[in-house]
Engineer: 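Right, I'll just put the structure down here and ask away after.
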Number of protein chains: 2
Amino acid sequence: MKSHHPQPLSRVSVNMARHHEVLISLRRIIRATDMYSRHLSKVAGLTAPQLLVMQSIAQRGEMAMGQIADEVSLSQATITTILDRLEKRELIVRLRGSTDKRRVYARLTADGMALLEKAPTPLQEEFIDRFAELDDWEQSLIVSSLQRVAAMMNAGDIDASPVLDLGAMDRAQPTVELSERRARQSEAAAPAPPYPEATRK
Amino acid sequence: MKSHHPQPLSRVSVNMARHHEVLISLRRIIRATDMYSRHLSKVAGLTAPQLLVMQSIAQRGEMAMGQIADEVSLSQATITTILDRLEKRELIVRLRGSTDKRRVYARLTADGMALLEKAPTPLQEEFIDRFAELDDWEQSLIVSSLQRVAAMMNAGDIDASPVLDLGAMDRAQPTVELSERRARQSEAAAPAPPYPEATRK
DNA sequence: AGATATTGCTTTGACATCTAACATTTCGAA
DNA sequence: TTCGAAATGTTAGATGTCAAAGCAATATCT
């Protein structure tokens, strides 16, 4: 901000407007997300969180409740209810851990995989298209901003990056760390452990 | 796409990672928002949407369901259920329009105003503080990005600004148009029409 | 070993949300 | 004027969401 104009009086009101803008935008984004989820439900038979969860499971072949929760940023309780519905529709099965019987693993059924194949992305196609059309720097800017907001809202969860790192935008790395960093119990992050320990419930 | 580095092969994967990052960040933001709402509920007795709605009403003195819905970006049905709860707790009252009997206006009660006085902001204090500490240009960048994302997700709702307008960041205007633009029935946007037509239900 | 703490998941209870179907009212046109 | 279309709200039904309380199993400490 070159700010040749100190804006002596409007300072406060401008700031108010600023974070109010943030609030408004967030509300809209949340709403759009919700509405797209319902749209997905109509055309694909899966809501966004259901799709997210299934993709997560598909990626690893088999996952425990807690792992899924971490990966999709939802509480375990929520994962339970989502899986309840998916299980009822026989899109996934639950398997009780054999060595550690507290754990419950979820696995896709054939039906589940089939449905997942045909399902759209969990993010509006429209958004993806438009996003893809942006210049690299714009995309980076947006991603950085969102991460920044997420970090600022997540209180204690910040572990660095106190400033928007503009220089990073040219390094154009896939930036997977954020997701990885989330995997608390880690499990050594094996690409896709075929079939861990687990037996039919 | 200027991209000094063509990144011949990683192009696709980078893009995937990019919008996937968006998805992850959004999930986190949504979650943080939700969790803060619950926190609010504990400490202030009002959830975020309840607070939003009440502030909205307080600002104008009296508002119809539809107006509120537009202002806080929620469906009318949602407003109805939120107001049901607020009314049950006697924080607001509903008034039927006298000239147009289809309309229903909401007004704060003394209790409602009192509670609203003591309530925190609908956005995490922490977020606001940290946000306020950022440089002007950073704030603008974030606000612009969020608005951009919201616009890209809202499909048909775009009415211009096909490119992130960096130049705008220097003009530092309060930027209220977005909220205004939403007010479809407009009502001529009177600052605070004392007490429109409405009688006790 | 035995008691206690911790971990992993499910249940319960309360909100928030949306769409679709209704009920009322108002408005416009024939 | 009368009738159908449009506008405004509410109801019904389905998900999603989380915190807190429960349960069961494992880990840890003495």
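The sequence lines fix the lettering, A, B, ..., with proteins before strands; numbering per chain opens at 1.
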Engineer: Counting heavy atoms from C-beta on, name the nucleotide in C:dT10, C:dT25, C:dC18 closest to the side chain of B:S75.
Structural biologist: C:dC18
Engineer: Ignoring backbone atoms, establish whether A:R94 has a side-chain N or O less than 4.0 Å from OP1 or OP2 of C:dT10.
Structural biologist: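 For A:R94, the contact criterion (side-chain N or O under 4.0 Å from OP1 or OP2 of C:dT10) is met.
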Engineer: Do the ring planes of B:F127 and B:F131 sit parallel (below 30°), tilted (30 to 60°) or perpendicular (above 60°)?
Structural biologist: parallel
Engineer: Take B:K88 and B:D84, measure what salt bridge (charged side-chain N to carboxylate O under 4.0 Å, His left out) needs, and give me the verdict at the end.
Structural biologist: CA-CA 6 Å; B:K88 198 169 302 167; B:D84 282 348; over 6 Å; no
Engineer: Any side-chain N or O of B:T78 under 4.0 Å from OP1/OP2 of C:dT17?
Structural biologist: no
Engineer: Of all the nucleotides listed (C:dC18, D:dC18, C:dT11), which has the minimum atom distance to the side chain of A:L74?
Structural biologist: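 Ranking C:dC18, D:dC18, C:dT11 by closest atom to the A:L74 side chain puts D:dC18 first.
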Engineer: Carefully, step by step, assess B:I24 and A:Q147 under the rule side chain to side chain contact (heavy atoms under 4.5 Å, CB included).
Structural biologist: CA-CA 9 Å; B:I24 301 268; A:Q147 292 178 339; over 6 Å; no
Engineer: Separation of A:D84 atom CG from C:dT12 atom P, in whole Å?
Structural biologist: 11 Å
Engineer: Can you tell me how far P of D:dG16 sits from OH of A:Y36, to the nearest Å?
Structural biologist: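 The answer, rounded to whole Å, is 15 Å.
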Engineer: Output the rounded distance in Å from CD (B:Q50) to P (C:dA14).
Structural biologist: 14 Å
Engineer: Quick check: on DNA chain D, is the nucleotide nearest B:K42 upstream (toward 5') of the one nearest A:S37, or the reverse? Name the residue that is more 5'.
Structural biologist: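 Closer to the 5' end of DNA chain D: A:S37.
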Engineer: Over all strands shown, is A:T47 touching base, sugar-phosphate only, or nothing at heavy-atom distances under 4.0 angstrom?
Structural biologist: sugar-phosphate
Engineer: When all nucleic acid strands are considered with a 4.0 Å heavy-atom cut-off, which category describes A:R27: base, sugar-phosphate, or nothing?
Structural biologist: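 Contact class for A:R27: sugar-phosphate only.
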Engineer: Please state how far atom CZ in B:R96 lies from atom P in D:dT8, giving the value in whole angstrom units.
Structural biologist: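 Whole-Å distance recorded here is 13 Å.
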Engineer: Any sub-3.5 Å donor-acceptor pair from B:S145's side-chain atoms to B:L141's backbone N or O?
Structural biologist: yes
Engineer: To the nearest Å, give me how far apart CG (B:L51) and C1' (C:dC15) are.
Structural biologist: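 That distance rounds to 15 Å.
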Engineer: Pick one: which of A:R85, A:R89, A:K118, A:Q55 meets side-chain contact (heavy atoms from CB on, under 4.5 Å) with A:L46?
Structural biologist: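 When side-chain contact (heavy atoms from CB on, under 4.5 Å) is applied between A:L46 and each of A:R85, A:R89, A:K118, A:Q55, only A:R89 qualifies.
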Engineer: What is the nucleic acid contact for A:I79, judged by heavy atoms within less than 4.0 Å: base, sugar-phosphate only, or nothing?
Structural biologist: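 A:I79: no heavy atom of the nucleic acid under 4.0 Å.
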Engineer: May I have the distance from A:R31 (atom CZ) to D:dT17 (atom C1'), rounded to whole angstrom?
Structural biologist: 18 Å
Engineer: For B:R85 and C:dA16, is the shortest distance between a side-chain N/O and OP1 or OP2 below 4.0 Å?
Structural biologist: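 For C:dA16, OP1 or OP2 has a side-chain N or O of B:R85 closer than 4.0 Å.
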Engineer: Figure out the NE2/P separation between A:H39 and D:dT15, and round it to whole Å.
Structural biologist: 17 Å
Engineer: Which comes earlier along DNA chain C counting from the 5' end, the contact point of A:M65 or that of A:D34, where each point is its nearest nucleotide?
Structural biologist: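 Result of the comparison: A:M65.
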Engineer: Would you classify B:A64 as touching base, sugar-phosphate or nothing, given that sugar-phosphate means primed atoms plus P, OP1 and OP2, and contacts are heavy atoms under 4.0 Å?
Structural biologist: sugar-phosphate
Engineer: Using a cut-off of strictly less than 4.0 Å, decide whether B:Q76 has a side-chain nitrogen or oxygen near OP1 or OP2 of D:dT8.
Structural biologist: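 So the side-chain polar atoms of B:Q76 never come under 4.0 Å of the phosphate oxygens OP1 or OP2 of D:dT8.
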Engineer: Run the numbers on A:L83 and A:I68 for side chain to side chain contact (heavy atoms under 4.5 Å, CB included), then give the verdict.
Structural biologist: CA-CA 10 Å; A:L83 286 189; A:I68 302 176; 4.3 Å; yes
Engineer: Below 3.5 Å, does any donor atom in the side chain of A:R103 face an acceptor in the base of C:dT7, or the other way round?
Structural biologist: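 Under the 3.5 Å cut-off, the side chain and the base do not form any donor-acceptor pair.
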Engineer: Hey, does the side chain of B:R38 come within less than 4.0 Å of C:dC15's phosphate (OP1/OP2), counting only N and O?
Structural biologist: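 False: B:R38 side-chain N/O out of range (4.0 Å or more) of C:dC15 OP1/OP2.
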Engineer: I want to verify a distance call: between C:dT26, D:dA25, D:dA19, whose nearest atom is closest to the A:D100 side chain?
Structural biologist: D:dA25
Engineer: Just call it for B:T81: base, sugar-phosphate, or nothing, with non-hydrogen atoms closer than 4.0 Å on any strand.
Structural biologist: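 Since a base atom lies under 4.0 Å of B:T81, the category is base.
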Engineer: Starting at atom CD1 of B:I82, determine the distance to atom P of D:dG9, rounded to an integer number of angstrom.
Structural biologist: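 In whole Å, D:dG9 P and B:I82 CD1 are 15 Å from each other.
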Engineer: Look at the side chain of A:R102 against the base of C:dC9 and say whether a donor-acceptor pair falls under 3.5 Å; ignore hydrogens and angles.
Structural biologist: no
